[in-house]
2 protein chains.
Amino acid sequence: MDKEKEILAAALKLFVEFGFHGTPTSKIAKEAGVANGTLFHYFKTKEDLIVGLYIRIKENLNGYLLSKVDDQSTLETRMKTIYEESLQWALIHRDEFYFIQQFHFSPHLAKVSAEDIEKQTRLHVGLLGEGVKSKIFKSLPVGLIGTILGSQLYGVYQYLVSNDLSASKQKQVIDETFVLLWEMITNIKQ
Amino acid sequence: MDKEKEILAAALKLFVEFGFHGTPTSKIAKEAGVANGTLFHYFKTKEDLIVGLYIRIKENLNGYLLSKVDDQSTLETRMKTIYEESLQWALIHRDEFYFIQQFHFSPHLAKVSAEDIEKQTRLHVGLLGEGVKSKIFKSLPVGLIGTILGSQLYGVYQYLVSNDLSASKQKQVIDETFVLLWEMITNIKQ
DNA sequence: CCAAAGACTGACTGATCACTCTATAAAAAT
DNA sequence: ATTTTTATAGAGTGATCAGTCAGTCTTTGG
């Protein structure tokens, strides 16, 4: 692993454990096994490091999701894939997922550029637009559907990590909660 | 307003705007109109101030909810009241609500005692237990119902603050999302 | 009315920390 | 082969900040 990645990995680990303030750059450098100055060779400021870490993590998540979604399948299948795979990714990359949330409630969020945000939400925004346009969703504001979806995902994640379930039980919870969610936001007739 | 309250109000305002790290105690004291040392007369450490602020805010929210819930009404009515009033409170006390979430993703969360947590969740835990026991809820784990409920509340709040709606529109969204939520977690036959 | 306790002040301090600077070594470009 | 660029190091620095301290003012209880 090259030094830049070592630094990012060390920063992630320490930020999650001690918070942004509680983690001096000197400790990050030490944990990464590089000199103090080397950290500032790769990241001009501590804030650059924090924001850079956030963007890379989001890129990883989005890349993973894109690799799992089959463009040919139905909207429901694609949405279920995103829901399921987001949770699976989050369960495997717990520090990364915690960091995302930690970052969202920090003043550093304001430092993310509009285009970076657009890049990160393109996939989700596209699917939601499709659902509304095709009248599969109930006639609710898109933004509302989006936030409900996102927040339920976070909620189910919290449940999964705070209860130590077997892989199959986890899968079952994920499946069941998707059904609940889908019934809630779509016009189904049964 | 006494000095302690001035300090707490100043701390809340500055923490929300600049984060915990970005807010020196000296600025809090200045904003509160007290001397530096006075802050440490009321709160032994900066962390004490942060945790103290969190606990007071939660007490306010819980007190407000308790005053609104009528013990004689049905479970559905009581849950709807809590859902609605939580959102109304959050909309009026935006800094306070943001602070709660900011605090949840900070290392200071670990400093809250088990009994304080119990106090803060008693009301909600009681209602959930009642719903499960009376078979009104679907046969899902209580914890799962609880997190889904909580996360939807946060999600709808996010939607309400990021879209500037009229009071009546807000009420409508709150009512509609409660119906969706209630349908999702209960065994209804219609 | 007095003494003790508590509230309050703000200058001060020791520690910490983000970041710089100088130097050297390695790699790439010419 | 030589210059230029990039990578790495780590000691050093100026600023900042949480928390202290020694003392003054205010309240309260006897």
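Predicted, not measured: the structure shown is a model, and the values here were computed from it. Keep in mind that the numbers below use all heavy atoms, side chains included, and drop hydrogens, waters and symmetry copies. The sequence lines fix the lettering, A, B, ..., with proteins before strands; numbering per chain opens at 1.
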Exercise for review: Sort and list the pairs that fulfil side-chain hydrogen bond (donor to acceptor under 3.5 Å, both in side chains) and have at least one residue in residues 23-34 of chain B, not counting sequence neighbours.
Suggested key: B:Lys13-B:Glu31
Point to revise | Rounded distance in Å - NZ (A:Lys30) to P (C:dT16) | key: 12 Å
Practice item. Shoot me the first and last contacting nucleotide of DNA chain D against chain B, ordered 5' to 3', at under 4.0 angstrom to non-hydrogen atoms. Key: D:dC17 to D:dT20
**Study point:** Strand contacts (DNA chain D) in residues 102-113 of chain B, 4.0 angstrom heavy-atom criterion
**Key:** none
Practice item. Can you tell me the distance, in whole Å, between the OH atom of B:Tyr42 and the C1' atom of C:dT9? Key: 12 Å
Check nucleotides 10-14 of chain C for protein N or O atoms closer than 3.5 Å to its own N or O atoms and list the pairs.
| residue | atom | partner | partner atom | Å |
| --- | --- | --- | --- | --- |
| C:dG10 | N7 | B:Gly37 | N | 3.3 |

Check your understanding: Atom NZ of A:Lys3 and atom P of C:dA26: how far apart are they, to the nearest Å?
Key -> 12 Å
Check your understanding: Taking atom P of C:dC19 as reference, at what distance in whole Å does atom CZ of A:Phe43 sit?
Key -> 13 Å
Revision key, fill the gap. By side-chain hydrogen bond (donor to acceptor under 3.5 Å, both in side chains), B:Gln172 pairs with (sequence neighbours left out) B:Glu176
Practice item. Check the pair A:Glu118, A:Arg122 against salt bridge (Lys or Arg N to Asp or Glu O under 4.0 Å), reporting the backbone distance first and the verdict last. Key: CA-CA 6 Å; A:Glu118 195 278 327; A:Arg122 194 157 34 207; 3.3 Å; yes
**Study point:** Short side-chain N/O contact from B:His41 to OP1 or OP2 of C:dC8, under 4.0 Å
**Key:** no
**Study point:** Heavy-atom closest contact (B:Ile7 atom, B:Leu39 atom, distance)
**Key:** CD1-CA, 3.8 Å
Review point. Under a single-linkage definition using a 4.5 Å side-chain heavy-atom cutoff for Ile, Leu, Val, Met, Phe, Trp and Tyr, are A:Val125 and A:Val132 assigned to the same hydrophobic cluster?
Key: no
Review point. For the pair made of CG in B:Leu39 and P in C:dC8, what is the distance, rounded to whole Å?
Key: 12 Å
Side-chain donor-acceptor pairs under 3.5 Å in residues 63-71 of chain A, sequence neighbours left out?
| residue | atom | partner | partner atom | Å |
| --- | --- | --- | --- | --- |
| A:Tyr64 | OH | A:Glu85 | OE1 | 2.7 |
| A:Ser67 | OG | A:Tyr64 | O | 2.7 |
| A:Asp70 | OD1 | A:Gln72 | N | 2.9 |

Point to revise | Nucleotide C:dC19, atom C1' - distance to CZ of A:Phe40 in whole Å | key: 5 Å
Review point. Quick one: side-chain hydrogen bond (donor to acceptor under 3.5 Å, both in side chains) pairs with a partner in residues 36-55 of chain A, sequence neighbours left out?
Key: A:Glu47-A:His108, A:Glu47-A:Lys111
Practice item. Find the distance B:Glu4:CD to C:dC8:P and express it as a whole number of Å. Key: 10 Å
Review point. Quick one: ring-ring contact (aromatic ring centres under 6.0 Å, His included) pairs with a partner in residues 165-184 of chain B, sequence neighbours left out?
Key: B:Tyr83-B:Phe178, B:Phe178-B:Trp182
Point to revise | Sequence neighbours excluded, every pair satisfying salt bridge (charged side-chain N to carboxylate O under 4.0 Å, His left out) that has a member inside residues 127-156 of chain B | key: B:Arg78-B:Glu130
Exercise for review: Go through the structure and list residues passing side-chain contact (heavy atoms from CB on, under 4.5 Å) with B:Glu84, not counting sequence neighbours.
Suggested key: B:Lys80, B:Lys171, B:Ile174, B:Asp175
Study note, to complete from the structure: For residues 143-165 of chain B, the side-chain hydrogen bond (donor to acceptor under 3.5 Å, both in side chains) pairs (sequence neighbours left out) are B:Gln101-B:Gln158
Practice item. Treating Ile, Leu, Val, Met, Phe, Trp and Tyr as nodes and any side-chain heavy-atom pair under 4.5 angstrom as an edge, say whether B:Val179 and A:Leu140 lie in one connected cluster. Key: no
Review point. Closest approach of B:Leu181 and A:Met184, non-hydrogen atoms and distance?
Key: N-SD, 4.3 Å
Practice item. Give me the residues of residues 11-22 of chain A where at least one heavy atom lies under 4.0 Å from an atom of DNA chain C, by number, or none. Key: none
